[in-house]
Structures are given as structure tokens and as C-alpha cells.
Amino acid sequence: MATTSISGQAVSADAGRRLLDAIARELPDLRLLTDASDREAYRNDETAYLHAGLPLAVALPEAAAEVATLVRLAGEHRVPVVPRGAGSGLSGGAAGIEGGLTIALTRMNRVVEIDRENLVVITQPGILNAELKAAVAAEGLFYAPDPASYEICSIGGNLGTNAGGLCCVKYGQTRDSVLGLEVVLPDGRVIRTGGRNVKDVAGYALTHLFVGSQGTLGIITEATLRLHVAPPPRSTLLAFFPSLSAAGEAVAAIVGSGTHPVTLELLDHETILAVDDAFQLGLERDAAAMLLVESDLPASAAAAELDESVRACEAAGSSSIVRAEDPTEADWLRQARRLALRALERQGTVRMEDVGVPRGRVPQLLVEIQAAADRHGVRVATFGHAGDGNLHPNFIFAHDDPRAAELTETVRDEIFAAALALGGTVTAEHGIGLSRRAALVDQVGPDVIDVMRTIKAALDPLGIMNPGRVI
Ligand SMILES: Cc1cc2nc3c(=O)[nH]c(=O)nc-3n(C[C@H](O)[C@H](O)[C@H](O)COP(=O)(O)OP(=O)(O)OC[C@H]3O[C@@H](n4cnc5c(N)ncnc54)[C@H](O)[C@@H]3O)c2cc1C
């Protein structure tokens with residue numbers, strides 16, 4: 001008997017049974033979930049609307065050696081493997097494959113070493129981003145990558161997706177904080193790439209190849225990450241605008257001013273209302289857009305940096321500007337921004353997208369997003385990391401709207417086309433995963449896809465590692 005996997009590959013039930021027997025023989029102490037209700041919890045990530053498969057089993061290893069054995073056995077029995085972190089992904093990358101083996105790294109969640117002298121941390125992948133931040137903060141240090149989901153996503157998932165977040169505008173994406181990795185390859189070998197060196201050009205940049213590959217090239221079992229000495233508490237301002245394009249102009253002006261705010265986030269009118277309703281912040285409810293701008297420089301330098309942003313916002317026509325009175329108020333405003341998706345979800349079914357453009361083109365992208373939604377009568381709320389040129393249009397539907405899936409496809413395809421016409425990307429941080437594969441071809445073209453397939457085939461000739469995702 002055979003079942004069809006999400007990637008179209010047939011996974012034989014006999015092969016699955018033989019794999020489970022082999023795992024029981026070679027790893028008798030491994031925690032392995034085979035109960036249907038347990039496995040069901042690993043079917044989806046945060047893209048529950050995608051069609052995902054039920055894993056044959058879910059392995060919860062505690063050591064790289066166990067991961068290596070699992071991968072080797074899966075290869076021997078031709079059973080696909082899905083690496084999984086905390087399952088908060090927004091592209092279906094960790095979604096189950098029918099009859100496949102999901103390897104969840106959540107029990108490998110130990111900080112191995114904090115090396116203050118070299119400003120690095122060595123960590124296992126299953127630790128949550130917020131837990132790692134707290135562990136290094138206790139030593140007066142700062143781990144920068146800061147996805148809005150930082151309390152519910154793992155470092156392994158951040159590495160798998162090359163996650164972005166609220167302070168990329170100053171500190172870069174996850175990739176910019178990675179110095180070295182330990183990776184279990186699809187044939188079960190364990191390799192180490194990079195290390196503690198800040199500069200290292202020995203051979204191909206394999207560390208950066210694995211980051212963002214969404215578990216299709218190997219499983220990351222340890223990471224050496226760059227730290228900073230903890231910056232001072234942030235100084236924060238909110239600027240409100242009468243139009244989206246005015247806010248977009250202010251973003252372009254701040255980016256072009258030569259200052260380096262640590263946060264430069266945009267919320268449109270729908271998002272302002274949703275966040276204000278949810279958290280009672282007293283925001284300017286009739287504004288078309290709001291910017292959240294933050295500086296993590298010492299006090300007087302922060303004031304000067306924010307003064308520059310105030311000038312840019314006023315020149316772009318802001319209707320009002322407020323500064324947070326103290327770090328607690330600033331933390332609360334940032335937390336409200338992080339929870340924007342959850343606030344929108346109180347209003348219906350939300351489908352979130354993730355497009356990016358060169359930063360000076362944010363105003364045009366904002367206009368194109370609204371125009372595409374208006375053409376099809378779809379309610380859209382847009383927020384995002386405007387300082388990186390990265391916006392998240394969120395399509396909002398009534399829970400029982402039967403047109404949700406079809407309209408999402410139509411509007412997002414038009415937004416993808418607009419982003420590409422502006423020199424942008426169909427995903428800036430969430431990844432191609434399952435949900436954006438066709439759009440990847442449109443963006444990069446057949447030759448680049450061919451190079452990606454060649455790399456995939458070289459590392460994973462059996463095609464067992466997260467097949468059907470990315471390419
Ligand atoms: C409310 C909300 C806000 C969000 N905000 C942001 C944001 O600001 N920025 C952002 O970038 N994302 C954001 N996300 C998306 C998501 O949180 C990130 O993509 C995150 O990096 C996923 O981490 P995870 O541990 O949940 O990974 P998972 O969803 O479990 O996996 C993600 C991908 O990484 C792969 N993977 C996981 N672990 C490993 C490993 N050890 N080795 C190799 N591959 C691995 C998986 O196969 C999968 O392809 C948000 C999501 C939500 C729900």
C-alpha cells in the first residue's frame with residue numbers, strides 16, 4: 001500500500017513500518033510519537049490553510065548523533081524527513097509530509113556556551129529566540145535577530161528561514177548573526193562550517209548556504225551566533241500620517257538620512273484600528289498610517305537620531321508625533337506592534353503575505369498593495385518592517401467566506417507581480433516553503449532554479465530532506 005506525500009512522492013507504508021522498526025532497534029531511548037493525535041499536532045505550521053500531510057512519526061531527539069542516525073535510517077528506507085522547530089513558520093516549510101518522518105528539534109534547547117571574550121554564543125537549535133535573548137542578556141549581552149514571533153519561534157527555525165524581524169534595519173537578518181553551524185547532512189554525515197572567527201573566507205560560504213534553505217539541505221544541530229554588548233534601553237517615537245504615501249516618503253527619507261534607527265515599522269489604518277482595539281493604546285485612529293521609530297544609542301545620541309526622524313516625518317506631512325515617555329511605555333508599544341497579526345485575527349480569517357522592495361520604493365509598494373486589494377474588493381491591512389522595504393499585506397475575510405482561498409491567490413499574485421516590477425522579492429523573511437514555489441520561478445528564472453536544483457541534488461541525491469519545499 002502507498003500513500004501520496006505532499007511533494008507528490010509515494011511513501012510506501014511498508015517502508016514506514018520498516019523505518020519505525022529500525023529506529024526502535026538503533027535508538028531504543030528516543031522519544032518517538034506515533035499516536036495519531038500526537039502526530040496531528042505536527043501536521044501544520046502557522047499556515048493551516050495549506051494542505052499538509054500527517055507524519056508517520058515525530059522524533060524528538062536530544063543529540064546530534066540521534067539526528068544523524070534518524071536521517072541515515074530515513075534515507076535507507078526512502079522515507080522523507082521534515083526538520084521542524086517550533087512550527088510558527090508562515091510558508092508551510094515545517095508542515096507534515098504524509099507518511100514522512102518529522103524531526104522536531106525542540107528538546108535540543110540548551111545554550112552550550114556564552115563566550116564573552118569573542119562575543120559569541122553557541123547554542124542548540126531548539127531554544128526559543130526569546131529564551132536565547134534572555135540567557136545572553138543575563139550576561140549583559142544582546143542577540144539581535146528579533147522576529148515579531150520571538151516568544152514562540154526557535155533559533156533552528158530562524159536559521160531555517162533566515163528570519164527577519166523588527167531590528168533588521170540596523171542589525172541585519174538572522175544570516176548576519178551566524179558565524180558557524182553544525183549540520184546533519186541528508187546522508188547522515190555531520191559537518192561543521194565556520195566557527196568563532198568574525199572573518200573567514202576558507203572555501204565556499206556553506207554556512208550561509210544552509211541558512212534560509214528551509215531544511216531542504218540538512219538539519220542544523222548547533223549554531224555559533226554573533227552577540228553585541230547590550231545597548232541602552234530604547235528611545236521610541238510614533239509618527240502618524242494622513243496618507244500611506246506620506247508615511248512611505250518618511251521611511252525613504254529616514255533611510256536616506258544616514259541615521260540607523262533600530263526599528264522602523266509601519267502600520268496602516270486597518271492595523272492601527274485593530275491594535276488599538278486590542279490593546280487600548282490611544283493611537284490616532286483616523287490616521288492612514290503610523291511609523292514606530294526607535295533608537296538604541298545612548299541618551300543624547302538617541303535624541304539626535306530621533307530628532308532626524310522627526311524632521312523627515314514632518315517634511316513628509318505627518319499629522320502628529322509622540323515620543324514614548326519611558327522604556328516601559330516603549331516596550332509596550334513595541335509589543336503591541338509584535339502582536340499586530342494576533343490583533344487582526346480577532347476580526348476574521350487572516351492570510352498574511354511577505355513582500356519586499358528596495359527601501360526607496362516602499363511608497364509605490366504601499367499604493368500597489370491597496371490598489372490590488374481594492375480591484376477585488378478584498379479587505380487588506382498592511383504592516384511591516386518598512387525600514388527594510390519589507391511589508392506584510394494581510395487579507396482579512398469573514399470566517400465563513402468561501403472565496404477566501406481563491407481571492408487570496410488572485411490578490412497576492414498581483415502584489416507579487418507589482419513587487420517584482422519594482423525590483424523586489426516575493427518573500428523577504430518568511431520563505432518560499434510550500435506556498436510560494438511558483439512565484440520563486442517568476443522571480444529568479446529557470447537558470448537560477450537549475451543551479452538550486454543542482455545544489456540540492458548534490459547534497460541530497462535521494463531527495464529525502466524536506467522534499468517539495470522551496471524548489
Ligand atoms: C505572529 C507571528 C509573527 C511572525 N513574525 C515574524 C517576523 O517578524 N519575522 C520573520 O522572519 N518571521 C516571522 N514569523 C514567522 C516565523 O515565526 C519564523 O519563520 C520563524 O523563523 C520560524 O521558526 P520556528 O521555530 O517556528 O520554525 P518552523 O516553523 O518549525 O520551521 C521553519 C522552517 O525552518 C526549517 N527548520 C526548522 N528547524 C530547523 C533546523 N534545526 N535545521 C534546518 N531547518 C530547520 C523547517 O524545516 C522549516 O522549513 C512570524 C510568525 C507568527 C505566527
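Every value quoted in this text rests on a predicted model; they were computed, and no experiment measured them. For the single chain, residues carry numbers from 1 onward in sequence order. Only heavy atoms go into these numbers, but all of them, side chains included; no hydrogens, no water, no symmetry mates. Remember, it's 1-based here, ligands and their atoms both numbered in the order they're listed.
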Check: With a 4.5 Å limit on heavy-atom distance, are the side chains of Val211 and Leu181 in contact?
Finding: yes
Distance under 4.0 Å to a non-hydrogen atom of [X]: what atoms of ligand 1 satisfy this?
X      : value
Glu46  : 53 (C)
Gly85  : 25 (O), 28 (P), 30 (O), 37 (C), 38 (N)
Gly165 : 8 (O), 9 (N)
Leu341 : 1 (C)
His430 : 10 (C), 12 (N), 13 (C)
Thr161 : 19 (O), 21 (O), 32 (C), 33 (C)
His385 : 8 (O)
Gly87  : 24 (P), 26 (O), 28 (P), 29 (O), 30 (O)

Please state which protein non-hydrogen atom is closest to [atom] and give its distance, to 0.1 Å?
atom                    : value
atom 9 (N) of ligand 1  : Glu429 OE2, 2.9 Å
atom 45 (C) of ligand 1 : Gly156 O, 3.8 Å
atom 48 (C) of ligand 1 : Gly93 C, 3.5 Å
atom 31 (O) of ligand 1 : Ala94 CB, 3.6 Å
atom 29 (O) of ligand 1 : Gly89 N, 2.8 Å
atom 24 (P) of ligand 1 : Ala86 N, 3.5 Å
atom 47 (O) of ligand 1 : Pro83 O, 2.6 Å
atom 34 (O) of ligand 1 : Gly160 CA, 3.6 Å

Identify which of [options] has a heavy atom lying nearest to [atom].
atom                    : options                        : answer
atom 6 (C) of ligand 1  : Ala148, Gly157, Ser154         : Ala148
atom 35 (C) of ligand 1 : Gln124, Gln214, His392, Arg342 : Gln214
atom 4 (C) of ligand 1  : Gly212, Gly164, Ala223, Ser149 : Ser149

In plain terms, say whether [X] and [Y] are close enough for a salt bridge, that is, a side-chain N and a carboxylate O under 4.0 Å apart.
X      : Y      : value
Arg72  : Asp187 : no
Arg285 : Asp276 : yes
Glu131 : Arg110 : no
Glu222 : Arg192 : yes
Arg342 : Glu46  : yes
Arg334 : Asp331 : yes

Checklist line | Verdict with supporting geometry, Leu225 and Leu132, side chain to side chain contact (heavy atoms under 4.5 Å, CB included) | finding: CA-CA 11 Å; Leu225 306 171; Leu132 184 71; 3.8 Å; yes
Next item on the list: Take Tyr171 and His228 through the test ring pair (Phe, Tyr, Trp, His ring centres under 6.0 Å) and record every step on the way to the result.
Entry: CA-CA 10 Å; Tyr171 292 102; His228 303 266; 4.9 Å; yes
Notebook entry, point to check: Do any heavy atoms of Gly218 fall under 4.0 Å from ligand 1?
Noted result: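 Flag set, Gly218 near ligand 1.
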Notebook entry, point to check: Within less than 4.0 angstrom of ligand 1, does Gly433 place any heavy atom?
Noted result: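 It does not; every heavy atom stays at 4.0 Å or beyond.
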Notebook entry, point to check: Do the numbers put Arg337 on top of the ring of Phe383, so that NZ or CZ is under 6.0 Å from the six-membered ring centre and no more than 45° off the axis?
Noted result: no
Proximity of [X] to ligand 1 by residue part, where a heavy atom lies under 4.0 Å:
X      : result
Asn466 : side chain
Arg469 : neither
Leu105 : side chain

Notebook entry, point to check: Does Gln214 use its side chain to pair, donor to acceptor, with the backbone of Gly433 at less than 3.5 Å?
Noted result: yes
Checklist line | Under 3.5 Å donor-acceptor, Glu294 side chain and Val262 backbone | finding: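 No.
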Note to self: Are any of the N/O atoms on Asp146, whether in the backbone or the side chain, positioned under 3.5 angstrom from an N/O atom of ligand 1?
What the structure shows: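 No, no N or O pair falls under 3.5 Å.
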Notebook entry, point to check: Does an N or O anywhere in Ile220 fall below 3.5 Å from an N or O of ligand 1?
Noted result: yes
Note to self: Looking at His208, I want to see if its NE2 is surrounded by more than 12 non-hydrogen atoms of other residues, nucleotides or ligands under 6.0 Å.
What the structure shows: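 Counting neighbours around NE2 of His208, more than 12 heavy atoms of other residues, nucleotides or ligands fall under 6.0 Å, so yes.
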Notebook entry, point to check: Taking atom CD of Glu409 and atom CZ of Phe395, what is their separation to the nearest 0.5 Å?
Noted result: 10.0 Å
Next item on the list: Heavy atoms only: give me the nearest Pro461-Ala458 pair and the separation to one decimal.
Entry: CD-O, 4.0 Å
